[in-house]
Visitor: 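Just dropping this structure here.
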Amino acid sequence: MNLSFDAVDIKYILPLIILFTVSLVPVLVKVFNKNKEPGKIYNFLTPMLGALIAAGASAGVGAEFLSKGISSKLLFSGALVMDGVSVLAGILVSLCLGFTIVLAKESPSINKNQLSEAVFLLMNAAVGMLTVLWANNLLVMFVGIEMMSLCLYILVAMSMELKLSKEAALKYFVLGSFASAILVYGIAFIYGAAGTVYLPELITQINATLLSNGYFLLGLSFVLFGLAFKVSLFPFYSWTPDVYQGSSTPLVAFMATGVKLVAFVALLRLIATQVLQFQEAAVFLQVLQWMAVVTILVGNIAALRQDNLKRMLAYSSVAHSGYVLIGLLAVSSSDGQVLGASSVLFYLFSYVIMTFGAFSFLSFLEKSHESALMISDLRGMASRRPYIALSFSVLLLSLAGIPPTVGFFGKFYLFSAAISEGFYWVVAWGVIGSVISVYFYLRPLVVMFMSDEQGVDVEPSRLGTQNIIFITAILVLVIGFVSNPFYLHIQSAIKTIF
Amino acid sequence: MNLLSVITFLPILFALVVWFLPNEKHVRPVSLGLSIVHFFVSIVLLVKFDISSAGLQFVEQTPWVQSAGISYFLGVDGISIWLVILTTFLTPITILGGWTSIQKKTRGFHVSIFVLATTMIGTFLAMDAILFYVFFEASLIPMYFIIGIWGGKNKIYAATKFFIYTMLGSVFMLLSIITLMVLAEGQLGQMSSSLLDFYKLDLNFLPGQFLSTQTLLFFGFALAFAIKVPLFPFHTWLPDAHVQAPTPGSVILAGVMLKMGTYGLLRFCLPLFPEATAEWGWIFLALGVVGIIYGALVAMVQPDMKKLVAYSSVSHMGYVVMGLFTLNAHGLTGSIFQMLSHGISTGALFLLVGMIYERTHSREIKEYGGLAVVAPIFSIFFIIVTLSSIAVPMTNGFVGEYLILMGTFMVNKAYAILAVTGVVLGACYMLWMVKKVFFGPPGKLIKDFQGKNLDLNKTEVMTLLPVVVLIFWMGLFPGHFIKYTKASVDHMINAKQGYYLKIEGRQKKVATIKYKSTRVTR
């Protein structure tokens, strides 16, 4: 492999460079300032600006592609690829980072004496995420995932000085490392069998002979399961509620959205190699169907019994992974690729918006780093904070897939992609799951609007968090009403990866 | 002017007006005024409607989600026109019905009522399946809040049950709609969710087999609508919802929302799946009959007036479903007429029960007795509405039930004979209740109120007067109402196989939409 690269390539990875450079600012200021926590300018404004510029840089790449009519560009001898998906998901990850920094600044659950370190780690996790999004090579993908995960392990551990968070950190670290090991082991097998880990080359290599090679199948299943851990698909989901519960809420918002988005994009790129289209891989398709169905059911049924809002949303995010997997099934069949992949990406984007909004709501209400927000704590929200309560309701209804929110159209696209590929029974379970989910998504609504007693008082000072809730709720409605331009945009981005 | 859009979305505008009204005291009168304005706007529709045409009128069509062929497509024909008017007619009555009974959060209540009105009208006017689904589902949210916030003791259970039960049916409808859209992509060359395109589809049907495309799709739709109607055995959410809902909520629920189910059967199931309807229609005829008798029998033993009226709804809606599946002109006309008259008379019954409950705080039948003495005007109204509900000639209830029974008799005499017993049973439980509540020796409750004036005030009389006028108008001159539906019903019967709908006065803009022009012959 030719390892030289064009200096122009640097231009395309500017978001990475910006994020990394800016991430150093708060910690360096702290170090040179006798370990005193720097002020708002370095801890908040600079990283925010960095995130926004990174998003802008990604958008700039997209604009350049559009104006020149290029669909995708390989960088660094094909290790990274810049295409529509990289650009769109990159923008979203950068924005998520920005929002997370706002939450982190205002949340009581992040130790304000370690804010600069937290920001440093968050930004580097985002660097890892961007690497995964752009990876065109299984090893680069692995490096990105590890970079992201290592930052997150530390972030979870430094969340709160609570037993719960130590337990969460240890659990996440042990299980996560285990999954990473399986992932890299699988990559090794794939390399051994196919002679390459470079995705475009893999596409040309894949044929019936390769798929009858047991080592290759073993490698493939390891890679799939390693990624399934990251997106918490059944049976690799059990860490999710515990880790989410033990971590600070802003971090959870970032993990539940960013990590899922990039890991699913990685899965999408893997499945887009059409590896599952062969008869020999039919068993994978079977397994994935069952995983989707069971994930949806387990997530939704377990969420029914949660009184802790964070755990409820954690299980709901498990269930949503199952829905995305339904779309991935459509991608894996021969002629539903573009339809399936666009529906997956549309759903992921809408999921990111709604979930981020929902976790921001939790962050808005938390009183101290120890408080665990119960559903019953929301009593009387509607009379105290009507607009916040309304926004949270919109977000929940969207998560439940009630029209005319974006959650409904996301599910609509997913289901229509799956139905046109003939996955009727999977979709039938999917809709049954969404009926079950309505019950627990309605519970906070019941408490907020229908009971008259007073619950916890709200701290009124979290303006940024409040605005994030409003922005996400409005986006959920607006994209719900006019989903078409967004969908078309995503579709044209998807066409660049096939 | 886009009349249908105006009628559909005017209430949303009103909701915003009410929400931002500076003084909460003005909410009630302003809402009442606005809803009456809305009613008169909808009358324009009635005036301009061309009764000789069976096609869609006042059509508006703009692409909404082009990538999936979903369009914003509204249209009205003889089947939907009266349901729209029913909604706009009942909205002011509901607001009056909540005049004194809704005490907290009045602003939110009126906003919910207006949003609900939009979603219901949208359901009746939408000619695009996804748009229909969006309105159909969205109507759950305001109703959920109305039951859950302003409801009775067990409101949360009832509201949640209502929401989840209805949703359970409608997700399978969504599944069926998506399947039809995918089939449209195969047969018409372009994904589309327009009903007119769905009518063109050729759906595979295997007689006697459950697992054929058309049968499965038919049941996918029918389940959603059967739950909404509610058809026996899917009716269990209804008594809970009705008893817990506040009076205005019950009125709108019984008056309009249940009709969304029967309307859906008429708009989707019958014309889309003619073979499956012919093959499996007997199930619905039978369930309709069972519902009529079961509802009546259960109503007979209810100790609670509101529950009695709720079960009478199950019985009356059984007639509507039965009439629809007779598949002849009498049955269909009767069903459409019965939808209207049930909306009016059951709505009025819920209002009346609510009015008396406000005074005595009891709905137990056995605690009443001799109410006619202390509340004579109330009694007159109640008895008129009762007579309408038990289908006495010259009232609206008679026309619908008579037509339905005639239609059923033509199809299957056994069902007709069984259904007729429902009329008798209906008279039994209603008159029984009237006897126990209004006549006889003064009951426990009435003794407490001896000498006090329990009678209706002016607002309440004003609320009920239009309803009573309509009861007699529809009973004496049914032709005034049936003439609007006739063309559409005849067309539906004549074009049973291969149903289609023409667009009247199709405008240039509509014709240029790409996916409408690609037509593949069956």
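Remember, it's a predicted structure, so these values are computed and weren't measured experimentally. Every heavy atom of this structure was used, including side-chain atoms; hydrogens, water molecules and symmetry mates were not. In the text below, chain A, chain B and the rest are named by the order of the sequence lines, each starting its count at 1.
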Visitor: Between A:Phe408 and B:Tyr133, does the ring centre distance come in under 6.0 Å?
Guide: yes
Visitor: In Å, rounded to the nearest 0.5 Å, how long is the span from OG of A:Ser434 to CG of B:Leu174?
Guide: 8.5 Å
Visitor: Is chain A contacted by the side chain of B:Leu175, its backbone, both, or neither, given a heavy-atom distance below 4.5 Å?
Guide: both
Visitor: Looking at A:Trp429, I'd like to know if its CH2 atom is crowded, meaning that more than 12 non-hydrogen atoms belonging to other residues, nucleotides or ligands lie closer than 6.0 Å.
Guide: no
Visitor: So, taking the atom named CD in B:Glu137 and the one named OG1 in A:Thr405, what distance separates them when rounded to the nearest 0.5 Å?
Guide: 10.5 Å
Visitor: Between NZ of B:Lys104 and OG of A:Ser383, what distance do you get to the nearest 0.5 Å?
Guide: 10.0 Å
Visitor: Can you tell which part of A:Ala417 gets under 4.5 Å to a heavy atom of chain B, answering side chain, backbone, both or neither?
Guide: neither
Visitor: Please report the shortest heavy-atom distance between B:Lys155 and A:Met450, naming the atom on each side.
Guide: NZ-O, 3.3 Å
Visitor: Tell me, yes or no, whether the heavy-atom count around A:Phe470 atom CZ, taken from other residues, nucleotides or ligands under 6.0 Å, exceeds 12.
Guide: yes
Visitor: Is the shortest side-chain heavy-atom distance between A:Ile432 and B:Val171 below 4.5 Å?
Guide: no
Visitor: Taking side chain as C-beta onward, heavy atoms only, is A:Ser420 less than 4.5 Å from B:Met191?
Guide: no
Visitor: CZ/B:Phe145 to OG/A:Ser393 distance, rounded to the nearest 0.5 angstrom?
Guide: 5.0 Å
Visitor: Quick check on the 6.0 Å ring-centre criterion: do B:Trp150 and A:Phe449 meet it?
Guide: no
Visitor: Would you mind checking which part of A:Leu442 comes under 4.5 Å of any heavy atom in chain B, side chain (CB onward), backbone (N, CA, C, O), both or neither?
Guide: both
Visitor: Any non-hydrogen side-chain atom of A:Phe412 less than 4.5 Å from a side-chain atom of B:Met181?
Guide: yes
Visitor: Tell me, out of A:Asn484, A:Leu445, A:Leu488, who's got the most heavy-atom pairs with chain B below 4.5 Å.
Guide: A:Asn484
Visitor: Measuring heavy-atom distances to chain A, does B:Tyr144 have an atom under 4.5 Å in its side chain, in its backbone, in both, or in neither?
Guide: both
Visitor: Is there side-chain contact between A:Phe415 and B:Ile177, with at least one heavy-atom pair below 4.5 Å?
Guide: no
Visitor: When you look at NZ of B:Lys153, are more than 12 heavy atoms from neighbouring residues, nucleotides or ligands closer to it than 6.0 Å?
Guide: no
Visitor: Do the non-hydrogen side-chain atoms of A:Ile402 and B:Leu140 ever get within less than 4.5 Å of each other?
Guide: no
Visitor: Just wondering, do B:Leu216 and A:Tyr424 contact through their side chains at under 4.5 Å, heavy atoms?
Guide: no
Visitor: Can you tell me which portion of B:Ile130 sits under 4.5 Å from chain A's heavy atoms? Options are side chain, backbone, both or neither.
Guide: side chain
Visitor: Identify the heavy atoms of A:Pro403 and B:Ile141 that sit nearest to each other, and give their distance.
Guide: O-CD1, 4.2 Å
Visitor: Tell me, for A:Ala428 versus chain B, whether the close heavy atoms (under 4.5 Å) come from the side chain, the backbone, both or neither.
Guide: both
Visitor: Give the minimum heavy-atom separation between B:Val65 and A:Ser483, together with the two atoms involved.
Guide: CG2-OG, 3.8 Å
Visitor: Given B:Ser67, which partner from the list A:Phe486, A:Tyr487, A:Phe346 fulfils the side-chain contact (heavy atoms from CB on, under 4.5 Å) test?
Guide: A:Tyr487
Visitor: Is it the backbone or the side chain of A:Ile436 that comes under 4.5 Å from a heavy atom of chain B, or both, or neither?
Guide: neither
Visitor: Between B:Trp64 and A:Phe481 (side chain of the first, backbone of the second, donor and acceptor by atom type, cut-off under 3.5 Å), is there such a pair?
Guide: yes
Visitor: Can you name the closest pair of heavy atoms from B:Leu168 and A:Val435 and give their distance?
Guide: CA-CG2, 3.8 Å
